[in-house]
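What follows is a single structure, written as structure tokens, with notes after it.
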Amino acid sequence: MRRSSTFLYSVLCFGYAFLYLPILVLMLYSFNNARLATVWGGFSTRWYSALLENAQILDAALLSLQIAVVSATVATLLGTLAALGLNRMGRYRGRTLFTGMIAAPLVMPEVITGLSLLLFVSLQELTGWPSSRGANTITIAHITFSMAYVAVIVQSRLASMDHSLEEAAMDLGGRPFAVTLDITLPLVAPAMAAGWLLAFTLSLDDLVISSFTSGAGASTLPMVIFSKVKLGVTPEINALATIIIGIVTVGVLIAGWTMLRQQRVNPGH
Amino acid sequence: MTDPTGAKTPGQGGACSGTPWKDPGQHPFIELQSLSKRFGDFAAVDDVSLKIYRGELFTILGGSGCGKSTLLRMLAGFEQPSAGRILIDGVDITDTPPYERPVNMMFQSYAVFPHMTVEQNIAYGLKKEKLPKSQIAERVAEMLQLVQLPQLAKRKPGQLSGGQSQRVALARALIKRPKVLLLDEPLAALDKKLREETQFELMNLQDQLGITFVVVTHDQEEAMTLATRIAVMDAGKFVQIGTPSEVYEFPASRFIANFFGQINVFDATVVASDDHFLTARLDDSNTEIRTRDHQRLAPGTRCSIGVRPEKLLISTEAPAQDGYTVTRGVVEDLAYYGNRSLYRVRSQNGRMIQVSAQNYQRSSELLLEWDDEVFLSWHSECSVVLSQ
């Protein structure tokens with residue numbers, strides 16, 4: 001017993017080291033005083049102040065946030081509507097086909113999605129809308145693919161929900177639309193929130209599709225980082241990465257904490 | 001359809017009194033007219049007609065897949081009938097959507113809204129009626145009293161026990177003062193002790209409010225204790241409709257007889273029959289039995305005579321009274337329950353017969369033992385001729 005548990009512990013340690021050591025090294029080097037990323041030159045926060053003065057990176061970060069918020073919100077709306085249509089409108093012709101088609105973008109290679117969206121936004125030159133390629137077209141592209149994720153998440157929640165809850169509301173005098181507002185939406189709200197967060201993250205770190213659909217002048221944060229890395233990693237990027245990791249960690253902790261609290265208040269669910 | 005003032009006070013007629021179904025002058029409160037529901041080729045409910053009277057506690061009983069739930073869902077409006085009409089209080093509601101029917105339902109899963117407090121759950125129906133807030137609060141408080149939950153008004157359903165959730169579901173369904181309350185397996189999710197308590201509470205409540213109840217269940221005991229009348233359903237059709245004692249004492253077929261507890265079946269051959277009586281010879285003992293029957297079976301026809309275990313007398317000496325049918329057997333097994341004993345007796349032609357006997361006398365020893373030769377007898381009035 002003892003021996004096997006020692007073995008298991010070392011496997012566990014190696015596993016976690018493999019996952020987290022690179023990130024720790026990256027964070028450590030963001031405090032490196034030296035210009036070269038590979039040599040330790042003493043502790044310093046100079047790269048953080050340099051980062052705050054780098055307008056290009058700050059602009060890109062702001063643009064990325066904007067695109068992520070807008071696209072996640074619209075994708076959540078559309079994805080929820082799609083899920084409701086697939087799950088709560090009874091049986092109709094083509095439902096199975098639509099269900100399959102909504103999940104297809106999840107498994108489609110990004111390059112192909114990007115290419116097809118590029119062709120799609122090129123229509124802009126014909127129709128004149130949107131007025132130019134850039135943040136608008138990136139947002140539209142992000143909505144298109146993240147909507148599928150939201151739809152799948154909300155749909156699985158709807159499928160596991162007791163249909164008699166909605167029937168009970170209808171039985172008590174709720175018209176179909178009121179029932180959706182009173183019962184269905186509040187109960188799928190956690191799934192919608194999860195979908196929004198997923199859409200937000202997908203949009204925030206998307207590089208391929210953004211590159212295909214962006215025009216001149218609109219560079220998202222991943223695009224800027226990627227272009228900078230091609231010229232060699234600077235400690236500035238490390239500092240940026242450390243900040244992002246910090247924000248993500250705080251976000252995950254808050255989400256976990258609220259979910260735990262909700263479970264304690266409402267143990268059945 | 002719904003009356004915003006709630007002027008329709010329940011209990012006007014009181015609970016069902018007497019036997020309205022035997023009175024041809026009575027108007028049915030709920031009427032199903034050759035109702036059918038087909039899913040593809042399969043008929044879940046097959047050309048069913050039924051009259052239920054005001055204040056009845058009517059139970060539809062059947063095994064799973066017999067169509068009883070589909071029937072209930074058609075009454076609630078969740079399933080559209082393939083054919084036939086549904087009338088409630090003289091109004092055809094076949095095409096009325098569920099949110100406009102004067103009917104409320106208590107679901108098997110209770111379907112208590114998990115994101116609302118007990119109070120909000122109960123108030124939901126009245127809110128949809130757009131009643132003034134003060135009136136809603138008043139009626140919710142009243143209803144909480146009725147189901148004995150006032151102390152739990154602010155709780156969320158996740159913090160309730162099964163029995164409490166059941167009461168919330170019941171209160172929520174009753175708050176709109178429906179003409180008919182539909183209950184889908186109301187007691188199935190409760191444990192045995194709670195079930196017995198709730199059973200009586202349901203009956204009292206129904207008596208108090210005078211609302212017509214239609215209960216669907218697969219549990220014959222539940223059906224027997226609750227119902228004014230029972231409709232036994234099988235393969236989408238009603239096979240017998242009657243009071244609990246009618247379906248128990250005079251089952252129309254072997255299927256129904258077996259559905260309500262145990263029954264011993266003796267094979268026999270018809271000797272003679274007229275409009276009221278049938279005489280048959282038991283294969284077992286060659287004794288003749290004369291019993292009430294209206295089927296007019298031709299002499300020579302094979303038939304089955306059913307006798308409930310508690311109707312059989314077991315004794316070591318042949319009973320002397322008239323009007324009794326007697327057969328013989330050997331005690332194979334016995335179980336002592338204190339208040340009664342259950343005997344399994346092997347009859348002369350090898351068939352097992354169950355006898356349930358009350359232990360009238362006090363004795364520290366068993367009056368009958370294994371392998372005792374016994375006489376089994378029953379009054380001819382107690383047997384029933386079962387169709388095969």
Side-chain angles (χ1 to χ4, degrees), chain A residues 76 80 83-84 87-96 153-154 156-196 257-269, chain B residues 1-4 39-40 69 72-73 75-80 97-117 120-131 155-162 165 168-169 171-176 178 180-182 184:
Chain A
T76 304
T80 305
L84 284 174
N87 228 294
R88 285 297 189 266
M89 308 287 270
R91 306 212 129 265
Y92 51 85
R93 262 176 92 89
R95 197 180 78 149
T96 322
I153 292 173
V154 174
S156 75
R157 170 79 186 130
L158 278 174
S160 68
M161 212 172 99
D162 185 2
H163 196 42
S164 54
L165 289 171
E166 285 144 320
E167 284 179 343
M170 207 181 275
D171 185 61
L172 292 165
R175 284 162 186 282
F177 185 67
V179 171
T180 308
L181 286 187
D182 294 343
I183 310 296
T184 320
L185 285 183
L187 291 178
V188 295
M192 285 167 69
W196 190 91
W257 182 70
T258 34
M259 263 159 70
L260 206 71
R261 238 184 61 144
Q262 216 171 21
Q263 262 173 8
R264 277 201 203 124
V265 173
N266 209 352
H269 302 271
Chain B
M1 197 88 341
T2 47
D3 185 350
F39 297 104
S69 293
L72 198 72
R73 290 175 61 79
L75 274 169
F78 301 131
E79 301 282 356
Q80 196 56 34
Y99 44 87
E100 283 173 3
R101 290 190 183 200
V103 165
N104 284 125
M105 178 157 165
M106 193 179 107
F107 289 78
Q108 184 176 8
S109 62
Y110 304 146
V112 179
F113 308 136
H115 58 299
M116 296 185 192
T117 62
Q120 289 167 330
N121 260 284
I122 298 174
Y124 187 81
L126 297 181
K127 263 191 202 149
K128 293 294 119 183
E129 272 184 30
K130 304 238 161 41
L131 242 58
R155 292 263 187 100
K156 283 279 184 78
Q159 300 160 285
L160 300 180
S161 71
S165 303
V168 175
R172 193 180 63 179
L174 284 172
I175 193 104
K176 289 184 70 175
V180 179
L181 183 71
L182 309 172
D184 190 2

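These values consider heavy atoms only, across backbone and side chains, with no hydrogens, waters or symmetry-generated copies. So you know, we letter chains A, B, ... as the sequences are listed, proteins then strands, and number each from 1.
Proximity to chain B (any heavy atom under 4.5 Å) is shown, for A189(A), by neither the backbone nor the side chain. When heavy atoms are compared at a cutoff of 4.5 Å, R172(B) approaches chain A by way of both its backbone and its side chain. Neither the backbone nor the side chain of M106(B) comes within less than 4.5 Å of any heavy atom of chain A. In this structure, chain A has a heavy atom under 4.5 Å from the side chain of F78(B), while its backbone stays farther away.
Using a distance-only test at 3.5 Å, with no hydrogens or angles considered, no donor-acceptor pair links the side chain of D171(A) to the main chain of P98(B).
When all heavy atoms of Y124(B) and G174(A) are compared, the closest pair comes out as OH-CA, 4.4 Å. Minimum interatomic distance between L187(A) and P114(B) (heavy atoms only, all atoms of both residues): CD2-CG, 3.5 Å. Shortest non-hydrogen contact noted between S164(A) and A111(B) is O-CB, 3.6 Å.
P186(A) is not listed as a side-chain neighbour of F113(B), based on a closest heavy-atom distance of 4.5 Å or more. For the pair R73(B) and E167(A), the minimum side-chain heavy-atom distance is below 4.5 Å.
Summarising the geometry, atom CG belonging to L172(A) is positioned 9.0 Å from atom CG belonging to N121(B); distances are rounded to the nearest 0.5 Å.
Other residues, nucleotides and ligands contribute only 12 or fewer heavy atoms inside 6.0 Å of the CZ atom of F177(A).
With salt bridges taken as basic N to acidic carboxylate O contacts below 4.0 Å, one links D182(A) and K128(B).
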Audit row: E100(B), R175(A), side chain to side chain contact (heavy atoms under 4.5 Å, CB included) steps and yes/no: CA-CA 9 Å; E100(B) 283 173 3; R175(A) 284 162 186 282; 2.9 Å; yes
